[in-house]
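Within every chain, numbering begins at 1; the chains are lettered A, B, ... in the order of the sequence lines, protein sequences first and strands thereafter. Side chains are part of it too, since the values below use all heavy atoms of this structure and drop only hydrogens, waters and symmetry mates.
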Amino acid sequence: MIFYIIRRLLAAIPTLLAVLTLVFLIVRVVPGDPAIAILGDRATPDGIAALHAKLGLDKPIWQQYVDFIGQSLSGDFGRSMVTGRPILTDVGAVLPHTIDLTLASLIVGTVIGVPVGIWAALHRNRFIDYTARLLSLIGLSFPVFVSGIFILLLFALHWRLFPVIGNARLDDPVDRLDKLVLPAATLGLVMAAYITRVTRSAMLSVLGEDYIRTARAKGVPWRRVVWRHALRNAAMPVVTVVGLYIGILIGNSVLTEIVFNRPGLGKIIVGALNQRDYTMLQGLMVIYCFLIVVVNLITDLTYGLIDPRVKQ
Amino acid sequence: MADPVLSVEHLRTEFRIGGAWHPAVDDVSFVLAPGETLALVGESGCGKSVTALSVMGLVPSPQGRIAGGRIVLEGRALVGLPEPALERLRGARMAMIFQEPMTSLNPVMTIGAQVAEAMMVHQGLSRRQAEAKALAVLDEVKIPSPARRFHEYPHQFSGGMRQRVMIAMALACEPAVLLADEPTTALDVTIQAQVLGLLADLKQRHGMAVLFITHNLGVVAQIADRVAVMYAGQIVEEGPVTAIFSRPAHPYTRALFAAIPRMDRDAQDLAAIAGRVPSLDAMPTGCRFASRCPQAQVGCERPQVLAPLDEAHVARCHVATAVRGNWHQAD
C-alpha cells in the first residue's frame, strides 16, 4: 500500500506540470494584449510598455514560462488586476466556504444516494425501485436555481427554520452550520439523485457476477452476501463518480452561491470573467486544477483501499 | 442400493421467454447413492447446469423457477423450502463447483477468508478457528505453501489454483453431495488431469456423492460410476458407465460417441450431428432428437418415455427399447 501511495503521489507531479503548462499556453493564446485590456484603447505606448514590464510580458516567452511555473509552485499567483490584492488572499477568503459546501453536499449525496441505490437494486422492478428511480429522475431534472429557490421559500421563508442569506462568519461554527444546511441540501440532493442511479446499476451488475453465485452456493445468508461480497465490488464505480462529482461541485456551485448569497470559488470565477481579470483567472485555473488533482489522488488511493488488484 | 443421499424426481425447471414459461429441464429424475459419481453428459444448453442449480436452489429468479418435481437431500425435501432453510443446507450438506474459476471467486476478498467463510457461517466457528481449518483444507487440495497464499487475492492465482480454491471452499464443511459443473472445462489439459485426480481422491477420502456435469466423454470414462445423457432438457439415456460406453442405445448417445475423433483409425470424417437442438419455445411433443436422428421413423412423433434396456440401463427411444424388448420376448 505504501508503494502504491508513493507511486500515485509521483504520478500526480507530471499531471500538475502539464496542467500549469496548459494554463500558461491558454492565457498566451487568447488574442488581445492584456495591457491594452487593462489600460483601455487610449493608452500611451509608454504606459503599455511600463505595464508589460510590470507584468513581466517584456521577457522572452521561455523566461515567462519558467517564472510562471516557479511562482505557481511556490503559491504566488500574482495580484488581481481589478482589486490589486494578492490572488491567494482573495481565494483564501472564500475557499473555506467552498470546501464547506462541497463536503456537506458530498455527505448529503452519498449518505442518501448509496443506501437508496442499494435498496433499489435489491428490490429491482418493484415499487421501491420504481419510486427511487422516479425520485432520482426528478432530482436530476430540476436545475439548482429552481430547487434552491423552492427550498428557500419552504424552509427559510415559510417555516423560518434556516436563514435566507448564507454569508456565514467563519469563526462561528454554529453560524457556519446554520447557513450551510439549505445550500448543502440543494446541491446534495442533486448529487444523491445521481449517486442513487450509479449505485443501483453498479449493485445490479455485481449481483449478477459469478462470485455472488459462489457465495450463495456456500450458504452465505443473503444479507451477508450483499454486505460482504457485493458492496465492496460495487463501490468502485460509485467512488469514480463521487470523485468526478466533487470536481464539478467545486467549480459549478456558482448558481447555489448566488441563490443563497454565499461567497465561494464559483462566484469569484464568474466575477473575474465579467471583469476580464486575467491574472485572477489564471490563478483560479491553477488553483482549481490543483484541487482537482488532489481529489483525483484521493480517489485513486480509495481505489487502492477497495480493490487489491489496483495496487499491482 | 443404499438409501440415496440425493434423489431428484420429475424435476421441471422453467424459464420465462417472451412472457411464457418454457421448461429448460423437463421431467428429470435420478438418484445418487453415497460415495457414487454420476456423470451428467450433454451439450451446452441441454439443461445440465440448470439441473444442478435447481438442486442447490439457485435457479436465477424471477426469470426462472422450479415448476414441479421433488428434490430430496438426505431425506429432506428441498423444493419449496424457504430461503433461510436452503442457506443452512447449501455449503454444509451440498456444495457446488462452477465452470469458471476466473470469475467465480470474489476479487476483493482473500482466498483464506473465502474458504473460511462457509465454516464460520455453518459451524459457528470463530474467525481464528475457521481460518485454522481453512488452512488445513487448502493444504488438502494441494495448494503449495498455503500459509503464505492464505492472505493473497484471487488475481494472484492461476486458473488451476483457483479451481483448487473452489474445491476447498466446497469441501470445507464436508458436504454429502458435491455438484461439479464442468469443473475442468476452462483448464489446460494437464491441469485438468490434476484436478480430476484430486477430485477422485477427495471423493474417496470423504465419501461424498458427486454429480459431475460435463460434455467431455473422455472425462466421464475416468471418473464416473454411472452416466446420464441429457438432450434438450430430458435425460435420454442412463446406465452404468460400462454399459453406456460399450452399448450406447439412444441415437443421440451414439452420435456423441461418433463425434469423438479416434487416434487408432486412419483419417476420418468427424461425424458432426446434423441440424440443431430445437429452441425452448419450439419443443416438439414427440422425440426431441427426431429432427436430427438418422433412424427417425413412425412413432417418433409420439412422446417418448424412458424404457429399460437392461438392468439399470434405460433409454428414451422407442426404436432402441423396442428392439431390446423384442429380444427379451424371443428369450
Side-chain angles (χ1 to χ4, degrees), chain A residues 1-4 118 120-130 199 202-240 299-312, chain B residues 49 52-53 55-63 83-111 113-123 151-156 162 165-166 169-173 175 178-179 181:
Chain A
M1 192 65 193
I2 303 284
F3 286 111
Y4 175 68
I118 295 170
L122 295 179
H123 296 85
R124 187 184 193 180
N125 291 338
R126 291 204 234 126
F127 180 73
I128 287 169
D129 186 26
Y130 286 126
T199 307
M203 199 67 189
L204 280 179
S205 87
V206 166
L207 286 176
E209 292 285 344
D210 286 349
Y211 53 80
I212 295 298
R213 192 179 56 184
T214 308
R216 295 192 64 206
K218 278 193 291 192
V220 179
W222 179 239
R223 187 176 278 273
R224 190 180 158 101
V225 170
V226 171
W227 289 107
R228 269 190 63 91
H229 289 264
L231 212 52
R232 199 159 159 201
N233 282 291
M236 290 294 274
V238 177
V239 169
T240 307
T299 310
D300 277 352
L301 295 182
T302 315
Y303 284 158
L305 283 178
I306 296 172
D307 193 332
R309 286 170 295 186
V310 174
K311 280 179 271 181
Q312 292 298 300
Chain B
S49 298
L53 289 174
V55 172
M56 292 293 286
L58 290 177
V59 176
S61 150
Q63 69 272 30
E83 183 64 19
L86 275 173
E87 278 167 3
R88 281 195 289 279
L89 294 172
R90 282 203 289 261
R93 301 313 303 153
M94 56 182 174
M96 188 160 173
I97 313 173
F98 299 96
Q99 178 173 354
E100 278 300 329
M102 305 311 274
T103 55
S104 292
L105 290 168
N106 193 330
V108 302
M109 285 172 72
T110 61
I111 295 298
Q114 295 191 55
V115 177
E117 189 175 27
M119 291 182 287
M120 285 167 66
V121 167
H122 292 296
Q123 300 174 344
H151 298 288
E152 292 187 357
Y153 290 91
H155 69 272
Q156 292 160 296
R162 287 188 207 194
V165 173
M166 287 294 292
M169 278 168 46
L171 288 177
C173 294
L178 177 68
L179 306 162
D181 186 2

Peer 1: Picking from I306(A), N125(A), N233(A), which has the most non-hydrogen pairs under 4.5 angstrom with chain B?
Peer 2: N233(A)
Peer 1: Does W222(A) have more than 12 heavy atoms from other residues, nucleotides or ligands lying within 6.0 Å of its CH2?
Peer 2: yes
Peer 1: To the closest 0.5 Å, what do you measure between CE (M109(B)) and CZ (R232(A))?
Peer 2: 9.0 Å
Peer 1: Is it the backbone or the side chain of L53(B) that comes under 4.5 Å from a heavy atom of chain A, or both, or neither?
Peer 2: side chain
Peer 1: Give me the atom names and distance for the closest heavy-atom approach of P308(A) to P107(B).
Peer 2: CG-O, 3.3 Å
Peer 1: Under a 4.5 Å heavy-atom cut-off, does chain B meet the side chain of R228(A), its backbone, both or neither?
Peer 2: both
Peer 1: Is a salt bridge present between E87(B) and R223(A), judged by a nitrogen-to-oxygen distance below 4.0 Å?
Peer 2: no
Peer 1: Restricting to non-hydrogen atoms, name the atom on G219(A) and the atom on H122(B) that form the minimum distance, rounded to 0.1 Å.
Peer 2: CA-NE2, 3.8 Å
Peer 1: Under a 4.5 Å cutoff for heavy-atom pairs, which residue among V121(B), I97(B), L86(B) has the most contacts with chain A?
Peer 2: V121(B)
Peer 1: Supply the atom-to-atom distance R213(A) CZ to T103(B) OG1, rounded to the nearest 0.5 angstrom.
Peer 2: 7.5 Å
Peer 1: Give, for atom CD of Q114(B) and atom NZ of K218(A), the distance between the pair rounded to the nearest 0.5 Å.
Peer 2: 5.5 Å
Peer 1: Closer than 3.5 angstrom, by distance alone: can the side chain of S104(B) be matched with the main-chain N or O of T214(A) as a donor-acceptor pair?
Peer 2: no
